[in-house]
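In what follows, a structure is listed as structure tokens, so that the remarks can point back to it.
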Amino acid sequence: MTQSRSPYGVLAATLFIVLFLLFAYSVAEVLLLLFAAALFALYLGAFTDFLESRLRLPRPVGVAVGFLSTMALLGLIGGLIIPPVLAQTQELVSALPGLLAQWESSLFRLATRYPVLSQMMPASASGHGYFDAALKRMGGYFAGLVPYVFTGVRIVIDVISVLVMGMYLALRPQLYRAGVIALVPLVHRSLANDILDDLSHTLRSWIVGQLLAMSFLGILTWMGLLLLHVPYALAFGVFTSLVVIVPFFGTLVSTLLPALFVLGQGDVLHSLLVVLLGVFLHLVEANLVQPMIMERAVKLPPVLSVLSVLVMAKLLGIIGLLVAVPVLATTLVLVRRIYVHRIVEGKGFRRTLRDPEDADVNGELRMDNGQ
């Protein structure tokens, strides 16, 4: 006979889970740093594995070469791009008040010509300073981000922490992998090992795809805007490469921002060409570049991607936007491998053979531990 569970045991387990979730939420930013370090370790590990297989370098040497090469490349790119980007961004910010004044004048003229539009406009738009109020609201919003983003000591500590943890994780990945698997009951350790393999493969594919997509969109946006004679093309190109990490919303903003800037100068056809350029580049990236890079490794439904961005932004603010997609990819792997395969499909956790996708490279099925 099966012994019924004590209600006190269920209550204690529920209380423990609730307290654990509250604790995890209270240290969410630290956990995000650990997650970012794991992503960096996966990138560094892929670089190191390539050096080990091709040049037969020891792993510590490969990690050091990969880290130093990455830092040197970032420093070179930063030295070439940051000064002109800062200059163009400063010019863009300086020109923004005049641009907003032109938009406001055009809006007032349209409201005078079309009374229906005047009735639809908010009350604050009946006089001058409508965009000034909008800028103040935006300034108040971004002012809350400045202490987190631009506080020198904190951001330096966070970046160094991510780099150091990432290097240690990449240097001895099996140590930390074995530690995680050791926390799992013996009968489930083979499944845990499979899940970690799946996560590693999925997140590596996302990292490679994201880096190439950022480079692709940034360079081609810069070149396209140069051909269309759009001012501050380099600044807009770098901005596009950075915000593409946020699905849908990054695409929308990076497409509309340069178009609105050109529209403010009174050239509607020019603005339409800029929009068409952005739409074309994003369509090529989404339908050609991403599938070629990621193949079938990262299956992220668009609706879930947008939902994950909204949820992470609500819970963790701007920093949540940066990790929304990899967190979603991780969650989908766990849901698919544990909930769907084991519970919904009835395969159970004490299985005899692995799933078809769990077969090793030779196509052989192995027995689980404890069976």
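As the structure is a prediction and not an experimental result, all values here were calculated from the model. Side chains are part of it too, since the values below use all heavy atoms of this structure and drop only hydrogens, waters and symmetry mates.
The aromatic rings of Phe47 and Tyr43 lie tilted to each other, with the angle between the two planes from 30° to 60°.
Taking every heavy atom of both residues into account, Pro326 and Trp206 meet most closely at CD-CZ2, 3.5 Å. Across all non-hydrogen atoms, the minimal contact from Leu51 to Gly62 is CD1-O, 3.8 Å. When every heavy atom of Val274 is checked against every heavy atom of Ala259, the shortest pair comes out as CG1-N, 3.7 Å. Shown here for Leu33 and Met165, the closest heavy-atom pair between the two residues is O-CE, 4.0 Å. Closest of all the heavy-atom pairs between Ala41 and Gly166 is CB-O, 3.4 Å. The two atoms that bring Ala170 and Gly45 nearest to each other are CB-N, 4.2 Å, heavy atoms only.
Linking Ile, Leu, Val, Met, Phe, Trp and Tyr residues whenever their side-chain heavy atoms come within less than 4.5 Å leaves Val30 and Met312 in two separate clusters. Leu256 and Val244 sit in two unconnected hydrophobic clusters of ILVMFWY residues. Membership requires side-chain heavy atoms under 4.5 Å apart, directly or through other members. Residue Tyr168 is grouped with residue Val61 when hydrophobic side chains (ILVMFWY) are merged at heavy-atom distances under 4.5 angstrom, including chains of intermediate members. Hydrophobic cluster membership differs between Val340 and Val303, with clusters built from Ile, Leu, Val, Met, Phe, Trp and Tyr side chains linked at under 4.5 angstrom. Under a hydrophobic clustering in which Ile, Leu, Val, Met, Phe, Trp and Tyr are joined whenever their side-chain heavy atoms come within less than 4.5 Å, directly or via other members, Leu32 and Val27 fall into different clusters.
In terms of the side-chain contact (heavy atoms from CB on, under 4.5 Å) criterion, residue partners of Val243 (sequence neighbours excluded) are, by chain and number, Phe239, Ser254. With sequence neighbours excluded, the residues forming a side-chain contact (heavy atoms from CB on, under 4.5 Å) with Pro60 are Pro58, Leu171, listed by chain and number. By the salt bridge (charged side-chain N to carboxylate O under 4.0 Å, His left out) test, Arg172 is found to be paired with no residue, residues two or more places apart in sequence or in another chain being considered. By the side-chain contact (heavy atoms from CB on, under 4.5 Å) test, Val180 is found to be paired with Leu196, residues two or more places apart in sequence or in another chain being considered. With sequence neighbours excluded, the residues satisfying side-chain contact (heavy atoms from CB on, under 4.5 Å) with Leu281 are Leu217, Leu220, Thr221, Leu277.
Results of the side-chain contact (heavy atoms from CB on, under 4.5 Å) test with Leu42 over Leu169, Thr202, Leu203 single out Leu203 as the only residue that passes.
In this structure the side chain of Lys314 never reaches within 4.5 angstrom of the side chain of Val309, judged on heavy atoms. Annotation: side chain of His270 is in contact with side chain of Val230 (closest heavy-atom distance under 4.5 Å). At least one side-chain heavy atom of Leu332 sits under 4.5 Å from a side-chain heavy atom of Leu304. Side-chain contact check for Val284 versus Phe280: some heavy-atom pair is nearer than 4.5 Å. A 4.5 Å side-chain heavy-atom check between Val18 and Leu22 finds at least one atom pair inside the cut-off.
Atom CZ of Phe35 has more than 12 heavy atoms from other residues, nucleotides or ligands within 6.0 Å. Within 6.0 Å of CE on Met71 lie more than 12 heavy atoms contributed by other residues, nucleotides or ligands. Atom OH of Tyr176 has more than 12 heavy atoms from other residues, nucleotides or ligands within 6.0 Å.
Side chain of His282 to backbone of Gly278: a donor-acceptor contact under 3.5 angstrom is found. Between the Thr255 side chain and the Leu252 main chain, no donor and acceptor come within less than 3.5 Å of each other.
Atom CG in Asp198 sits 9.0 Å away from atom CG in Leu334 (nearest 0.5 Å). The CZ atom of Phe50 sits 7.0 Å away from the CG atom of Leu55 when rounded to the nearest 0.5 Å. Atoms CZ and CG, from Arg189 and Leu183 in turn, are 8.5 Å apart once rounded to the nearest 0.5 Å. To the nearest 0.5 Å, atoms CG (Leu328) and CG (Leu307) are separated by 8.5 Å. If you take CZ on Phe216 and OG1 on Thr240, they are separated by 12.0 Å, rounding to the nearest 0.5 Å. Atom CD1 of Ile338 sits about 10.0 Å away from atom NE2 of His188, to the nearest 0.5 Å.
With respect to Asp49 and Arg204, a salt bridge is recorded, a charged nitrogen being found less than 4.0 Å from a carboxylate O.
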Q) Is there a salt bridge (Lys or Arg N to Asp or Glu O under 4.0 Å) between Arg177 and Asp197 once you walk through the steps? A) CA-CA 10 Å; Arg177 183 190 185 100; Asp197 285 338; 2.4 Å; yes
Q: Carefully, step by step, assess Leu163 and Phe67 under the rule side chain to side chain contact (heavy atoms under 4.5 Å, CB included).
A: CA-CA 9 Å; Leu163 295 178; Phe67 178 79; 4.2 Å; yes
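Within the structure, no pair that satisfies the salt bridge (Lys or Arg N to Asp or Glu O under 4.0 Å) test touches residues 220-240, not counting sequence neighbours.
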